[in-house]
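Before I ask anything, let me first share the structure, which is written out below as structure tokens.
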Amino acid sequence: TNDLTLYARWVQFDIAATFSVETEANEQISFSCSEDSLFSVDWGDGSPIDSSTSHIYLDSFRYTITIRGTLNDFALHCPDSLIRFVRLYHINSLADHAFANHTKLQTVILPNNLTDIPDHAFTYCTSITSIDIPDSVITIGDLAFVACEQLVSVNISNNSKFMTETNIYGSIYMNSA
């Protein structure tokens, strides 16, 4: 499996992240986080909201997982083929290679307080077609969007403080003005 790894601290009892996953019957999804994390998980299938870090889906379907609370050193463990959509809230950093090789990932909504997109963050995310870079992003790491074959639009507002001299994806280079 290709784990989605995010290193962050989220605001307690606010939505931390939502993930849209398509599962097969009896598919297990789990995540890990540090022991000082305090959270609740809605696995999206009608099961009770709980604080477990693992869940087995009994039916093949598209589910939305919502995690609320304070999470530290979070990593989602599931097969690459399951993740289609990710929306992150209240985080300021991602781990290197956070979304790398998630070839079925189509949509990522980054939080407005994200300051850095690390090296290879979206490498080989071959199904992403566009991404909006929040104004809060200051740096984008080396080859953050390399081999994103369907990526045709990287949207950066005029208010952005973003600066880099690295290759964003393919042949597009972005420099500070």
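Along the sequence shown, residues are numbered consecutively beginning with 1.
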Test item: Thr107 and Arg87 side chains (from C-beta on) under 4.5 Å apart, heavy atoms: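 No; the side chains remain at least 4.5 Å from each other.
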
Exam field: side chain Thr123 to backbone Leu143, donor-acceptor pair closer than 3.5 Å: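 Looks like yes, one N/O pair under 3.5 Å.
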
Set of residues satisfying salt bridge (Lys or Arg N to Asp or Glu O under 4.0 Å) with respect to Arg62, sequence neighbours excluded: Glu22

Test item: Asn113 and Pro111 side chains (from C-beta on) under 4.5 Å apart, heavy atoms: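 Yes, side chains in contact.
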
Minimum heavy-atom distance Trp43-Tyr63, with the two atoms named: O-CB, 4.0 Å

Sidechain-backbone polar pair: Thr23 side chain, Tyr57 backbone, donor-acceptor under 3.5 Å: no

Side-chain donor or acceptor of Thr64 paired with backbone N/O of Gly44 under 3.5 Å: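 Not a single qualifying donor-acceptor pair exists.
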
Backbone N/O of Phe61 and side chain of Asp59: donor-acceptor pair under 3.5 Å: no

Donor-acceptor contact present, side-chain Ser51 to main-chain Ser40, <3.5 Å: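 Not a single qualifying donor-acceptor pair exists.
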
Expected output: side-chain Asp119 to main-chain Asp142 donor-acceptor under 3.5 Å: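 Looks like yes, one N/O pair under 3.5 Å.
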
Centroid-centroid under 6.0 Å between Phe31 and Phe39 rings: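 Centroid separation for Phe31 and Phe39: below 6.0 Å.
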
Donor-acceptor contact below 3.5 Å, side chain Ser127 vs main chain Thr103: yes

Hydrophobic cluster identity match, Tyr124 and Leu105, side-chain contacts under 4.5 Å: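 No, Tyr124 does not connect to Leu105 through the hydrophobic network.
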
Joint cluster assignment, Phe122 & Ile133, ILVMFWY side-chain distance < 4.5 Å: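 As far as the 4.5 Å side-chain criterion goes, Ile133 and Phe122 are connected within one cluster.
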
Connected via hydrophobic side-chain network under 4.5 Å: Phe85 and Leu114: no

Heavy-atom side-chain proximity of Ile65 to Ile29 below 4.5 angstrom: yes

Where Ser153 and Asn155 come nearest, the two heavy atoms and their spacing: OG-OD1, 2.8 Å

